[in-house]
Amino acid sequence: MTSLLLDPDLLSTALPAGWHAALPGPHDVADLHALRARHEVAARGAESAGPDATRAELTGDAAASRVHMMVRDASGAARGWATAQDRAAGRVLVAVVVDPELDDATGDEVAAALFAWAEGAGGAQARDRGLTRTQLDSGAFEPDARHQRRLAAAGYERVRTWWQMRRPVVDDDRGLRPTGPGVVVRRLDRDEGAMPGTRDLAAAHDVLEQAFGDHFNYHEETFDEFLARLRSDPGHRWDHWWLAELVDGDEPQPVGVLIASASTDADGRAVGSYVEYLGVLRAARGRGVARSLLDAVVTDAAERGRAYVGLEVDADSPTGAADLYLSSGYTTSYVTQSWHRYVDVH
């Protein structure tokens, strides 16, 4: 049944009478963004993703690694949306959004159909990679017991908790601050308006692959996949990449990387910065590298007139990252969960 549900017409047979499934296109962006906004407000009290993110996922550069399915009711209103993103070898990100205005029975029916579709779509992505098994990685806001119940019904298990943290930026954050001893933090080398050189980009990728090797749910990502995914984010900026180097010897040694993006409001204005990645090699930990990188992104945000810096941290991080963020003035805005399911690919 799961493979058959990849066909929108067949998926429609699993929906309430008169409802139908369809592959979304550019004309569906506004409806699907409004649907996601209703879900986020009901689940945690505020929107998380802006219109630019929805547009990028459906029709922009971020669409290349994603497949989508949407559900409309008998009146034509958008009521459900599922996405399967080929995130890395052996890992598929699954997102299912169901209109919170639906009664529980109808919402459960729509969620079950969309999770079944996502299983088939994720399996197809894994099969294209030549894999026989893959991880479906989904999530929920911590207060959203309804969505958590639907994840469990679809065979997912809760595996991790994440703190979504934020630090306000003030005028006193302007200006450079001292780095750790023997540590130099710089932006990646590049010409004005151009992307950085391959040497710095490769160094950043290598540091992150090594730094996150001992982290929860690490999956190796190729250099090309890494660059393509980050560039597809509408908030991506080349001048938001920083490299930390140790200068103890004759040649600087790259040991830490911070990559941030611009967080925009509903009008597309950059109002904050968001730390997408912060990684430090194990051998360099304890030398102030991570704090020096954090200081760089905060200083940058202050000089751009932005209001805050946000980030996500594993509540059970083995590196003590949460303690660093708390001591640097970050507080938890909301909490999310990771839910996983493993499926065999036939």
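What you see below is based on every heavy atom in this structure, not just the backbone, and it leaves out hydrogens, waters and symmetry mates. Since we're looking at a predicted model, the values are computed, not measured.
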Residue pairs fulfilling side-chain hydrogen bond (donor to acceptor under 3.5 Å, both in side chains) with at least one residue in residues 58-67, sequence neighbours excluded: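 Those involving residues 58-67 are R66-Q85.
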
No-hydrogen, no-angle side-chain donor-acceptor test under 3.5 Å, E312 and Q164: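 Yes, a side-chain donor-acceptor pair sits under 3.5 Å.
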
Contact summary for A322 and V313, nearest pair of heavy atoms: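 Closest pair (atom of A322, atom of V313, distance): N-CG2, 3.9 Å.
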
Y156 and F115: CA distance, side-chain angles, deciding distance, side chain to side chain contact (heavy atoms under 4.5 Å, CB included) verdict: CA-CA 10 Å; Y156 290 75; F115 275 118; 3.8 Å; yes

With L243, the side chain to side chain contact (heavy atoms under 4.5 Å, CB included) member among V184, L293, L188: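 It is L188; the other options fail the test.
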
Side-chain donor-acceptor contact under 3.5 Å, H68 with T83: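 The answer is yes; a qualifying pair exists.
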
From CA spacing to verdict: salt bridge (Lys or Arg N to Asp or Glu O under 4.0 Å), R149, D108: CA-CA 9 Å; R149 174 173 54 78; D108 289 352; 2.9 Å; yes

Distance-minimising heavy-atom pair for S273 and A301: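 Looking at all heavy atoms of both residues, the closest pair is OG-CB, 3.8 Å.
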
Contacts of R174 that satisfy side chain to side chain contact (heavy atoms under 4.5 Å, CB included) - sequence neighbours left out: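 Partners of R174 under the side chain to side chain contact (heavy atoms under 4.5 Å, CB included) test: D171, A302, E303.
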
Stepwise side chain to side chain contact (heavy atoms under 4.5 Å, CB included) test for V297 and V275: CA-CA 8 Å; V297 72; V275 178; 4.3 Å; yes

Verdict with reasoning, W242 to L294, per side chain to side chain contact (heavy atoms under 4.5 Å, CB included): CA-CA 10 Å; W242 286 269; L294 278 177; over 6 Å; no

Residues forming a salt bridge (Lys or Arg N to Asp or Glu O under 4.0 Å) with R304, sequence neighbours excluded: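 R304: salt bridge (Lys or Arg N to Asp or Glu O under 4.0 Å) contacts with D239, D300.
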
Side-chain donor-acceptor contact under 3.5 Å, W162 with S338: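 Indeed, the side chains of W162 and S338 share at least one donor-acceptor pair under 3.5 Å.
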
Polar side-chain atom of S138 near backbone of V94 as donor-acceptor pair, under 3.5 Å: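 Checking the backbone N and O of V94 against the side chain of S138, a donor-acceptor pair under 3.5 Å is found.
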
Donor-acceptor pair between Q135 and N217 side chains, under 3.5 angstrom: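 Per modelled atom types, Q135 and N217 side chains form a pair under 3.5 Å.
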
Heavy-atom side-chain contact between R127 and L131 under 4.5 Å: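 No. Closest side-chain heavy atoms not under 4.5 Å.
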
E225/R129 under salt bridge (Lys or Arg N to Asp or Glu O under 4.0 Å): CA gap, chis, key distance, verdict: CA-CA 13 Å; E225 288 174 334; R129 284 183 176 265; 2.6 Å; yes

Donor-acceptor contact below 3.5 Å, side chain D267 vs main chain R269: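 No: the side chain of D267 does not pair with the backbone of R269.
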
Residues T161, Q337; criterion side chain to side chain donor-acceptor pair (under 3.5 Å); working and verdict: CA-CA 5 Å; T161 299; Q337 302 170 344; 5.4 Å; no

Nearest non-hydrogen partners of S48 and E40, listed with the distance: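 Closest pair (atom of S48, atom of E40, distance): N-OE1, 2.6 Å.
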
Flag side-chain contact, heavy atom, 4.5 Å: D316 against F216: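 SC-SC contact between D316 and F216 ruled out.
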
Flag side-chain contact, heavy atom, 4.5 Å: V98 against R146: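 No, side chains not in contact.
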
Test item: L311 and W163 side chains (from C-beta on) under 4.5 Å apart, heavy atoms: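 No. Closest side-chain heavy atoms not under 4.5 Å.
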
Expected output: side-chain S317 to main-chain D314 donor-acceptor under 3.5 Å: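 Not a single qualifying donor-acceptor pair exists.
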
Pair S292, R287: side-chain N/O donor-acceptor within cut-off below 3.5 Å: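 No, no side-chain donor-acceptor pair sits under 3.5 Å.
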
Any side-chain heavy-atom pair of L208 and I259 under 4.5 Å: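 Answer yes - side chains close enough.
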
Residues T106 and D103: side-chain donor-acceptor under 3.5 angstrom: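 Indeed, the side chains of T106 and D103 share at least one donor-acceptor pair under 3.5 Å.
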
Closest approach of S333 to R166 (non-hydrogen atoms, all atoms of both residues):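 The pair with the smallest heavy-atom distance is OG-CB, 3.6 Å.
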
W238 and W241 aromatic ring geometry - parallel, tilted or perpendicular at 30°/60° bounds: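 Rings of W241 and W238: tilted, 30 to 60°.
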
R36/D99 under salt bridge (Lys or Arg N to Asp or Glu O under 4.0 Å): CA gap, chis, key distance, verdict: CA-CA 8 Å; R36 178 153 65 181; D99 196 332; over 6 Å; no

Pairs meeting criterion salt bridge (charged side-chain N to carboxylate O under 4.0 Å, His left out) with involvement of residues 332-346, two or more places apart: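 Qualifying pairs, neighbours excluded: E119-R341, R133-D344.
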
Flag side-chain contact, heavy atom, 4.5 Å: V255 against V207: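 Result no, sub-4.5 Å side-chain heavy-atom pair not found.
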
Mutual orientation of the aromatic rings belonging to H39 and F141 [parallel < 30°, tilted 30-60°, perpendicular > 60°]: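 Because their plane-to-plane angle lies in the 30° to 60° range, the rings of H39 and F141 count as tilted.
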
Check: S75/D73 side-chain N/O donor and acceptor closer than 3.5 Å: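 Distance-only check passes for S75 and D73.
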
Donor-acceptor under 3.5 Å (D86 side chain, Q125 main chain):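 Not a single qualifying donor-acceptor pair exists.
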
Side-chain donor-acceptor contact under 3.5 Å, T299 with R177: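 The answer is yes; a qualifying pair exists.
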
Whichever hydrophobic residues join V271 through chains of side-chain contacts under 4.5 Å: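 Y308, all in the cluster of V271.
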
Closest approach of H33 to G50 (non-hydrogen atoms, all atoms of both residues):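 Heavy atoms of H33 and G50 come nearest at CE1-C, 3.4 Å.
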
Salt-bridge criterion met for R87 and D137 (N-O under 4.0 Å):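 Between D137 and R87 there is no salt bridge, as every charged N stays at least 4.0 Å from the carboxylate O atoms.
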
Cluster companions of L32 among Ile, Leu, Val, Met, Phe, Trp, Tyr (side-chain spacing under 4.5 Å):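 ILVMFWY cluster around L32 also holds V29, L35, L58, M70, W81, V97.
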
Ion pair R167/D173, N-O distance below 4.0 Å: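 The answer is yes: the pair qualifies as a salt bridge.
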
Salt bridge E142-R44, side-chain N to carboxylate O under 4.0 Å: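 No salt bridge links E142 with R44.
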
Nearest non-hydrogen partners of P234 and A56, listed with the distance: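 The pair with the smallest heavy-atom distance is CD-CB, 3.8 Å.
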
Step-by-step side chain to side chain donor-acceptor pair (under 3.5 Å) determination, S327 to R291: CA-CA 10 Å; S327 68; R291 190 177 294 276; 3.0 Å; yes

Aromatic ring proximity F212/H205, centre distance under 6.0 Å: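 No, they do not, as the ring centres are separated by 6.0 Å or more.
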
Derivation and outcome, side chain to side chain contact (heavy atoms under 4.5 Å, CB included), residues D104 and R150: CA-CA 10 Å; D104 278 355; R150 291 168 178 165; 4.3 Å; yes

Hphob cluster co-occupancy, Y274 + Y277, side-chain heavy atoms under 4.5 angstrom: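 Looking at the clustering, Y277 is in a separate group from Y274.
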
